[in-house]
A.B. asks: 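Can you keep this structure in mind? I'll have questions shortly.
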Amino acid sequence: MNTGVFVLLATLLVVAALGVVLARSPIRSALSLVVALFFLAVFFLLLDAQLIAALQVIVYAGAIMVLFLFVIMLLNLQEHPAEMARAGLRFLAGTLASLFLLATIYFTNRSGISNAQGMGAIPDGFDSTAQIAERLFTQHLFAFELTSLLLLVAIISAVVLAKKKLA
Amino acid sequence: MTAVPIGWFLILGSLLFSIGALGVLIRRNVIIIFMSIELMLNAVNFVFVAFARQLHSLDGQVMVFFVMTVAAAEAAVGLAIIISVFRNRETVNADEFNLLRW
């Protein structure tokens, strides 16, 4: 990936991300988020993470965002006039976010990591799903099993929370 | 072969994270706050993948896998909570959520 491609993709990604935060209607926010997630998937592809890119599109843009859109439409949310925070609060939030960004840029520069020349060639098999699977089922097996438990708990709690009150 | 140094990826990641944090702070619609949180999670995933590429270690990608699972579980439970609050309060405005106040 050369610098031009990076800057172009980064610009589109940031515009989509700003769309999530600034769009008045929730549906537009959600669709902006889908676009942002797709651009992130493109970045993952360019970083030789094919499996993660595919998961990003299938799990995030596919499953999670459909859930979001479904809830927005179910609750029939419209644009709301008093939806943004007050101007003073907005200014404070913007200042905080900019400060955070400046601090990150400062520390990234100070660590000298940005002076590294590119990322170099990848080792053999780095972009293969088999290698990730091997790690997942050996080194991270316990976390993997815990994840399945977490998903089970999430399913049960979602059903219990969203069903109608019994009494 | 990637010609772009990792510092650029870190800055883009933190930019996305700040945009997400800004969304959490300035919006009052809980669903949009929730989507901003997803954006922040994705910014972190992005940095994980960039570091995995830089350090030639697949552990970063495994970590992204786990973050995605947690995000899916979080989205399911969070949206269920939003639906059940909406059923009681007829609103998704975070300022009017005072169920826990008294």
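Within every chain, numbering begins at 1; the chains are lettered A, B, ... in the order of the sequence lines, protein sequences first and strands thereafter.
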A.B. asks: Please determine whether the number of non-hydrogen atoms from other residues, nucleotides or ligands lying under 6.0 Å from atom CZ of A:Arg28 exceeds 12.
C.D. replies: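 Open: at most 12 neighbouring heavy atoms sit under 6.0 Å from CZ of A:Arg28.
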A.B. asks: Following the transitive rule for hydrophobic clusters with a side-chain heavy-atom cut-off under 4.5 Å over Ile, Leu, Val, Met, Phe, Trp and Tyr, establish whether B:Leu25 and A:Leu99 coincide in one cluster.
C.D. replies: no
A.B. asks: Strictly less than 4.5 Å between heavy atoms, which residues of residues 16-23 of chain A line up against chain B? Please order them by number.
C.D. replies: A:Ala17, A:Leu18, A:Val20, A:Val21, A:Leu22, A:Ala23
A.B. asks: Please state whether the side chain, the backbone, both or neither of A:Phe70 comes within less than 4.5 Å of a heavy atom of chain B.
C.D. replies: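 It is neither, since no heavy atom gets under 4.5 Å.
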A.B. asks: Tell me, side chain or backbone of B:Val92 under 4.5 Å from chain A's heavy atoms, or both, or neither?
C.D. replies: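 For B:Val92, side-chain heavy atoms alone lie under 4.5 Å from chain A.
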A.B. asks: Can a donor-acceptor pair be found, under 3.5 Å and without considering hydrogens, that links the side chain of B:Arg53 to the backbone of A:Ala49?
C.D. replies: no
A.B. asks: Do A:Leu75 and B:Ile31 touch side chain to side chain, with heavy atoms closer than 4.5 Å?
C.D. replies: yes
A.B. asks: Can you tell me if A:Arg135 uses its side chain to pair, donor with acceptor, with the backbone of B:Gln61 under 3.5 Å?
C.D. replies: no
A.B. asks: Decide yes or no for B:Ile83 and A:Val71: does some side-chain heavy atom of the first lie under 4.5 Å from some side-chain heavy atom of the second?
C.D. replies: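 Yes, side chains in contact.
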A.B. asks: I need the residue from B:Ala76, B:Ala75, B:Ser18, B:Ala50 with the largest number of non-hydrogen atom pairs under 4.5 Å to chain A.
C.D. replies: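 Counting heavy-atom pairs under 4.5 Å, the top option is B:Ser18.
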A.B. asks: Quick check: do A:His140 and B:Asp59 have side-chain heavy atoms less than 4.5 Å from each other?
C.D. replies: yes
A.B. asks: Would you give me the side-chain donor-acceptor pairs under 3.5 Å for residues 34-42 of chain B, sequence neighbours excluded?
C.D. replies:
| unit_1 | atom_1 | unit_2 | atom_2 | d |
| --- | --- | --- | --- | --- |
| B:Ser36 | OG | B:Ile32 | O | 3.0 |
| B:Glu38 | OE1 | A:Tyr60 | OH | 3.2 |
| B:Asn42 | OD1 | A:Gln56 | NE2 | 3.0 |
| B:Asn42 | ND2 | B:Glu38 | O | 3.0 |

A.B. asks: Per the ring pair (Phe, Tyr, Trp, His ring centres under 6.0 Å) rule, what does the pair list look like for residues 11-33 of chain B, sequence neighbours excluded?
C.D. replies: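 Residue pairs passing ring pair (Phe, Tyr, Trp, His ring centres under 6.0 Å), neighbours aside: A:Phe100-B:Phe17.
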A.B. asks: I need the minimum non-hydrogen distance between B:Val77 and A:Ser157, along with the two atoms involved.
C.D. replies: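 Looks like CG2-OG, 3.3 Å.
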A.B. asks: If I take atom CG from residue B:Leu15 and atom OG from residue A:Ser98, how far apart are they, to the nearest 0.5 angstrom?
C.D. replies: 10.0 Å
A.B. asks: Do A:Ile72 and A:Val35 share a hydrophobic cluster (ILVMFWY, side-chain heavy atoms under 4.5 Å, transitive)?
C.D. replies: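 In one cluster with A:Ile72: A:Val35, yes.
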A.B. asks: Return the minimal non-hydrogen interatomic distance between B:Ala72 and A:Ile64, and the atom names on each side.
C.D. replies: CA-CD1, 3.6 Å
A.B. asks: What's the separation between atom CG in A:Leu101 and atom CD1 in B:Ile19, rounded to the nearest 0.5 Å?
C.D. replies: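 CD1 of B:Ile19 is found 8.5 Å from CG of A:Leu101.
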A.B. asks: Given heavy-atom pairs under 4.5 angstrom as the criterion, report whether the side chain, backbone, both or neither of B:Leu16 touches chain A.
C.D. replies: side chain
A.B. asks: With a 4.5 angstrom heavy-atom cut-off, could you sort out which part of B:Ala21 is near chain A: side chain, backbone, both or neither?
C.D. replies: neither
A.B. asks: Using heavy-atom distances under 4.5 Å, tell me whether B:Leu12 contacts chain A through its side chain, its backbone, both, or neither.
C.D. replies: side chain
A.B. asks: Just verifying a value: how many Å separate A:Ile52 CD1 and B:Asn45 CG, rounded to the nearest 0.5 Å?
C.D. replies: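 Going from the CD1 atom of A:Ile52 to the CG atom of B:Asn45 covers 7.5 Å.
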A.B. asks: Can you hop from B:Val30 to A:Met73 via hydrophobic side chains spaced under 4.5 Å?
C.D. replies: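 Yes; tracing contacts between hydrophobic side chains, which count when under 4.5 Å, links both residues.
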A.B. asks: So which residue, B:Val24, B:Ile82, B:Asn29, ends up with the most heavy-atom pairs under 4.5 Å with chain A?
C.D. replies: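 With the most close heavy-atom pairs to chain A, the winner is B:Asn29.
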A.B. asks: Measuring from A:Phe43:CZ to B:Phe46:CZ, what's the distance to the nearest 0.5 Å?
C.D. replies: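 Going from CZ on A:Phe43 over to CZ on B:Phe46, the span is 5.0 Å.
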A.B. asks: Report yes or no: do A:Val14 and A:Phe38 belong to one cluster of Ile/Leu/Val/Met/Phe/Trp/Tyr joined by side chain heavy-atom distances under 4.5 Å?
C.D. replies: yes
A.B. asks: Yes or no on ring-ring contact (aromatic ring centres under 6.0 Å, His included) for B:Phe9 and A:Phe6, after CA distance, side-chain angles and deciding distance?
C.D. replies: CA-CA 9 Å; B:Phe9 288 94; A:Phe6 180 91; 4.9 Å; yes
A.B. asks: Out of A:Ala30, A:Ala103, A:Gly94, return the one with the most heavy atom pairs under 4.5 angstrom to chain B.
C.D. replies: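 Sorted descending by pairs with chain B, the first entry is A:Ala30.
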A.B. asks: Check each atom of B:Phe51 against the heavy atoms of chain A and say whether the ones under 4.5 Å are side chain, backbone, both or neither.
C.D. replies: side chain
A.B. asks: Contact part of A:Leu146 toward chain B, heavy-atom cut-off under 4.5 Å: side chain, backbone, both or neither?
C.D. replies: neither
A.B. asks: Running the 4.5 Å side-chain criterion over Ile, Leu, Val, Met, Phe, Trp and Tyr, what cluster does A:Ile155 land in, apart from itself?
C.D. replies: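 For A:Ile155, no cluster forms, as it stays isolated from other hydrophobic side chains.
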A.B. asks: Is A:Ser29 close to chain B through its backbone or its side chain, or both, or neither, when contacts mean heavy atoms under 4.5 Å?
C.D. replies: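 For A:Ser29, heavy atoms of backbone and side chain both lie under 4.5 Å from chain B.
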A.B. asks: Heavy-atom distance under 4.5 Å to chain A: side chain of B:Val70, backbone, both or neither?
C.D. replies: both
A.B. asks: Side chains of A:Val7 and B:Trp8, heavy atoms from C-beta outward: is any pair under 4.5 Å?
C.D. replies: yes
A.B. asks: Report, as yes or no, whether the 6.0 Å neighbourhood of atom CD on A:Glu134 holds more than 12 heavy atoms from other residues, nucleotides or ligands.
C.D. replies: no
A.B. asks: Could you tell me which of A:Val59, A:Leu89, A:Leu55 has the largest number of non-hydrogen atom pairs under 4.5 Å with chain B?
C.D. replies: A:Leu55
A.B. asks: Would a 4.5 Å heavy-atom cut-off, applied to side chains only, mark A:Leu51 and B:Phe65 as touching?
C.D. replies: no
A.B. asks: Under the side-chain contact (heavy atoms from CB on, under 4.5 Å) test against B:Leu10, which residue among A:Asn109, A:Thr108, A:Ile105 passes?
C.D. replies: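 The single option meeting the side-chain contact (heavy atoms from CB on, under 4.5 Å) with B:Leu10 is A:Thr108.
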A.B. asks: Compare every heavy atom of A:Ala158 with every heavy atom of B:Ala80, then report the nearest pair and how far apart it is.
C.D. replies: CB-O, 3.6 Å
A.B. asks: Consider only side-chain heavy atoms of I, L, V, M, F, W and Y, link residues closer than 4.5 Å, and tell whether A:Val66 and A:Leu37 are in one cluster.
C.D. replies: no
A.B. asks: With a 4.5 angstrom heavy-atom cut-off, which part of B:Ala94 approaches chain A: side chain, backbone, both or neither?
C.D. replies: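 The answer is neither part of B:Ala94.
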